[in-house]
Amino acid sequence: METQAEYLSLAKDYYNIPRMSNSAMSHFRKSPKHYLHYISQPQEETEAMIFGRAFHCAVLEPDNFSHDYAVMPNIDRRTKEGKEKYEQFKAEAGSRTVLTIAQRDHIVRMSEALYAHRPSRELIDAIGETEKPVLWKDEITKVEMKAKLDAIGPNFILDLKTTQDAQPEEFARSAWYYNYHRQAAVYLDGLQSKSDFYFIAIEKEEPHGISVLKCTAEFIQKGREQYEQILQDFIYWQSQGSPNVGYEFRNPFNVFDLNVPNFIKL
């Protein structure tokens, strides 16, 4: 186990640690070229990413919210007084991420919806650790791995997702499309845990519908099979000198058959 100092250092430097992660696997699965671009280019945060990170902080680490985020008041910067107030706000905000009042109010409404939803509240209230960084080596391929988990409870791992549609059937489709089965498997294996894995899905728009979804063993196993195949492809790619190649990595001739999709044939 890490000491407190080592843990704090790991949490701070997590994104600079050069290891394979679930996010990096998504890019490598697309092509080595996409993976190389991902690890070499700093990612610019979009407004949606900033909002999502702020919402996670408000729900999972509320005591850190005012330390990490500053809410900009309504200021008319066309006036001399407004310009002075704006400069004062910037000085007080420092390095904190700035949110608008509308963004803050949106986060508050979503947070209130979560706590009014009993299954979500019970899971959140049982959380012991949040934003947990983990380092390990994959047992089969020996690839060095990393992960950062939203939350860990006494017998579960929890991941909070914002979505357009939290209906269980619709979220199941999104979960498969966005490879949440792989995420669950990676996180469980990183912790060497047999805990339950839950997703809380909350809709971004009012009335903020919510579903709590518990991953089945089959769902997680499919994710495990996928990430182990990606890691096998990854070490093969490394053995070839880590070439900067695109989709031709899967087909040296770089010509693919364009056929009638399977779901149409059915």
Side-chain angles (χ1 to χ4, degrees), residues 2 6 9-50 52-53 131-150 157 159 161 173-193 197 215 218-265:
E2 305 97 346
E6 289 171 334
S9 176
L10 173 58
K12 180 179 179 181
D13 299 332
Y14 173 82
Y15 293 103
N16 296 320
I17 300 173
R19 289 182 172 226
M20 180 60 80
S21 66
N22 183 58
S23 295
M25 277 194 279
S26 292
H27 292 273
F28 184 81
R29 189 176 184 229
K30 194 168 186 180
S31 84
K33 184 183 290 290
H34 289 84
Y35 167 76
L36 290 171
H37 182 269
Y38 171 75
I39 64 173
S40 63
Q41 301 294 325
Q43 280 193 303
E44 293 185 10
E45 279 199 314
T46 64
E47 186 172 318
M49 292 169 65
I50 292 171
R53 183 162 52 84
E131 297 297 326
K132 169 72 173 176
V134 184
L135 302 181
W136 76 100
K137 183 179 289 188
D138 179 63
E139 291 185 3
I140 298 175
T141 61
K142 308 306 178 186
V143 173
E144 293 186 328
M145 306 282 294
K146 68 176 182 179
K148 198 169 189 181
L149 286 61
D150 275 1
I157 297 172
D159 198 85
K161 299 290 188 188
R173 293 186 181 93
S174 296
W176 197 257
Y177 179 79
Y178 290 111
N179 300 300
Y180 294 164
H181 55 314
R182 188 184 71 220
Q183 178 189 4
V186 169
Y187 288 9
L188 285 166
D189 290 355
L191 279 182
Q192 296 184 328
S193 172
F197 197 107
C215 299
E218 181 183 10
F219 184 80
I220 292 168
Q221 181 56 31
K222 288 295 183 183
R224 184 172 291 116
E225 291 169 4
Q226 185 188 105
Y227 90 70
E228 285 296 351
Q229 182 59 60
I230 294 172
L231 294 183
Q232 292 286 355
D233 292 343
F234 180 70
I235 59 174
Y236 171 75
W237 171 72
Q238 287 183 318
S239 73
Q240 301 303 302
S242 304
N244 187 1
V245 294
Y247 302 126
E248 63 269 28
F249 177 65
R250 289 178 284 164
N251 185 340
F253 298 104
N254 204 20
V255 175
F256 299 83
D257 292 334
L258 184 59
N259 204 346
V260 178
N262 288 331
F263 68 87
I264 296 295
K265 293 178 182 178

> Among T141, N22, D189, find the one that has a side-chain hydrogen bond (donor to acceptor under 3.5 Å, both in side chains) with Y227.
D189
> For the CD1 atom of I157 and the CG atom of D150, what is their distance to the nearest 0.5 Å?
10.5 Å
> Hey, does the Lys NZ or Arg CZ of K161 hover above the aromatic six-ring of Y180, less than 6.0 Å from the centre and inside 45° of the axis?
yes
> Could you walk me through whether E139 and Q192 pass the side chain to side chain contact (heavy atoms under 4.5 Å, CB included) test, one step at a time?
CA-CA 11 Å; E139 291 185 3; Q192 296 184 328; 4.0 Å; yes
> Looking only at heavy atoms, which two atoms of F219 and A175 are closest? And how far apart?
CZ-CB, 4.2 Å
> Between A147 and L149, which heavy-atom pair has the shortest distance, and what is it?
CB-CD1, 4.0 Å
> Roughly how far, to the nearest 0.5 Å, is NE2 of H34 from OG of S26?
12.0 Å
> Can you find a heavy atom in the side chain of E228 that is under 4.5 Å from one in the side chain of I140?
yes
> How about I230 and R182: do any of their side-chain heavy atoms sit closer than 4.5 Å?
yes
> Among all residues two or more places apart in sequence or in another chain, which pass the ring pair (Phe, Tyr, Trp, His ring centres under 6.0 Å) test with F197?
F199
> Compare every heavy atom of S31 with every heavy atom of V245, then report the nearest pair and how far apart it is.
O-OG, 4.0 Å
> Does the side chain of K137 reach to within under 4.5 Å of the side chain of M145, using non-hydrogen atoms?
no
> From W136 CH2 over to L191 CG, what is the distance, rounded to the nearest 0.5 angstrom?
8.0 Å
> Spell out, as yes or no, whether a donor-acceptor pair under 3.5 Å connects the side chain of K146 to the backbone of Y14.
yes
> Distance from Q229 atom CD to M25 atom CE, nearest 0.5 Å?
12.5 Å
> Would you call F256 and Y247 a side-chain contact if the rule is heavy atoms closer than 4.5 Å?
yes
> CG of L135 to OG of S21: how many Å apart, nearest 0.5 Å?
11.5 Å
> Rounded to the nearest 0.5 Å, how far does NZ of K132 lie from OH of Y187?
14.0 Å
> Are any of the side-chain heavy atoms of M20 and E144 separated by less than 4.5 Å?
no
> Examine the side chains of Q183 and N179 and answer whether a donor and an acceptor come within less than 3.5 Å of each other.
no
> Tell me the closest heavy-atom pair linking R224 and A185, and the distance in Å.
N-CB, 3.4 Å
> Can you confirm whether Q41 is buried at CD, in the sense that more than 12 heavy atoms of other residues, nucleotides or ligands lie under 6.0 Å from that atom?
yes
> Can you give me the closest heavy-atom contact between P32 and P243, atom names plus distance?
CB-O, 3.9 Å
> So W237 and Y35, would you call those rings parallel, tilted or perpendicular, with 30° and 60° as cut-offs?
perpendicular
> If the condition is ring pair (Phe, Tyr, Trp, His ring centres under 6.0 Å), which residues does Y236 pass it with, not counting sequence neighbours?
none
> Can you confirm whether R29 sits close enough to D233 that some side-chain heavy atom of one is under 4.5 Å from a side-chain heavy atom of the other?
no
